[in-house]
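Quick caveat: nothing in here was measured; it's all calculated off a predicted structure. Start at 1 with the first residue, then count along the sequence.
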Amino acid sequence: ILGGGIWSMAASDDHRHLAVGCEDGHVRIVKVSTMETVLTLPHHEAKCLSLAWSGDMVVGGMTDGHLLVWNVSLANKTAVKKHQMNANIN
């Protein structure tokens with residue numbers, strides 16, 4: 001139902017939804033009360049290792065070094081920002 005194994009997970013600010021990073025590379029929004037997938041965010045080629053919520057925004061850290069930001073209130077319009085992160089921190 002969730003596309004294989006789970007790589008990452010984060011609860012929404014109101015604890016009504018989970019963002020779940022799945023084995024198949026998708027991030028799914030799951031309603032906690034029913035455990036039903038209510039939204040599948042735009043697919044990325046890499047797996048999502050970390051997730052965080054801030055209001056309607058979900059941020060995912062991907063295995064290829066990208067940081068993706070989804071606005072889940074606009075997700076049906078595929079509102080996604082993609083940033084390449086530099087691994088070197090000075």
Side-chain angles (χ1 to χ4, degrees):
I1 185 171
L2 286 178
I6 295 172
W7 284 65
S8 55
M9 185 171 24
S12 62
D13 297 337
D14 62 8
H15 303 285
R16 292 176 30 196
H17 294 91
L18 295 173
V20 181
C22 300
E23 175 72 29
D24 65 2
H26 285 95
V27 173
R28 291 176 170 81
I29 306 300
V30 175
K31 187 174 182 179
V32 171
S33 63
T34 62
M35 293 310 290
E36 170 189 1
T37 298
V38 295
L39 184 63
T40 300
L41 299 177
H43 182 63
H44 185 70
E45 11 346 293
K47 291 177 178 59
C48 186
L49 291 178
S50 61
L51 287 164
W53 285 79
S54 180
D56 287 338
M57 307 300 280
V58 174
V59 180
M62 313 308 281
T63 56
D64 65 357
H66 282 95
L67 181 68
L68 298 184
V69 181
W70 295 275
N71 183 330
V72 295
S73 67
L74 300 174
N76 290 335
K77 298 175 182 162
T78 316
V80 62
K81 293 182 181 179
K82 182 176 178 180
H83 302 282
Q84 177 69 41
M85 299 303 291
N86 186 341
N88 297 324
I89 299 174
N90 296 325

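- Atom CE of Met9 is separated from atom CZ of Arg28 by 14.0 Å, given to the nearest 0.5 angstrom.
- Using a 4.5 Å heavy-atom threshold, the side chains of Arg16 and Val32 count as separate.
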field: Verdict with reasoning, Met35 to Val30, per side chain to side chain contact (heavy atoms under 4.5 Å, CB included)
entry: CA-CA 6 Å; Met35 293 310 290; Val30 175; 4.0 Å; yes
Can you give each donor-acceptor pair under 3.5 Å made by side-chain atoms of residues 50-62, sequence neighbours left out, with the distance rounded to 0.1 Å?
{"from": "Trp53", "atom 1": "NE1", "to": "Ala10", "atom 2": "O", "distance (Å)": "3.0"}

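- A single hydrophobic cluster is seen to contain both Val72 and Val38, as judged by linkage of ILVMFWY side chains at heavy-atom distances under 4.5 Å, directly or through other members.
- For the atom pair CD1 (Ile29) and OG (Ser12), the distance works out to 8.5 Å, reported to the nearest 0.5 Å.
- Atom NZ of Lys31 and atom CG of Leu18 lie 12.5 Å apart (nearest 0.5 Å).
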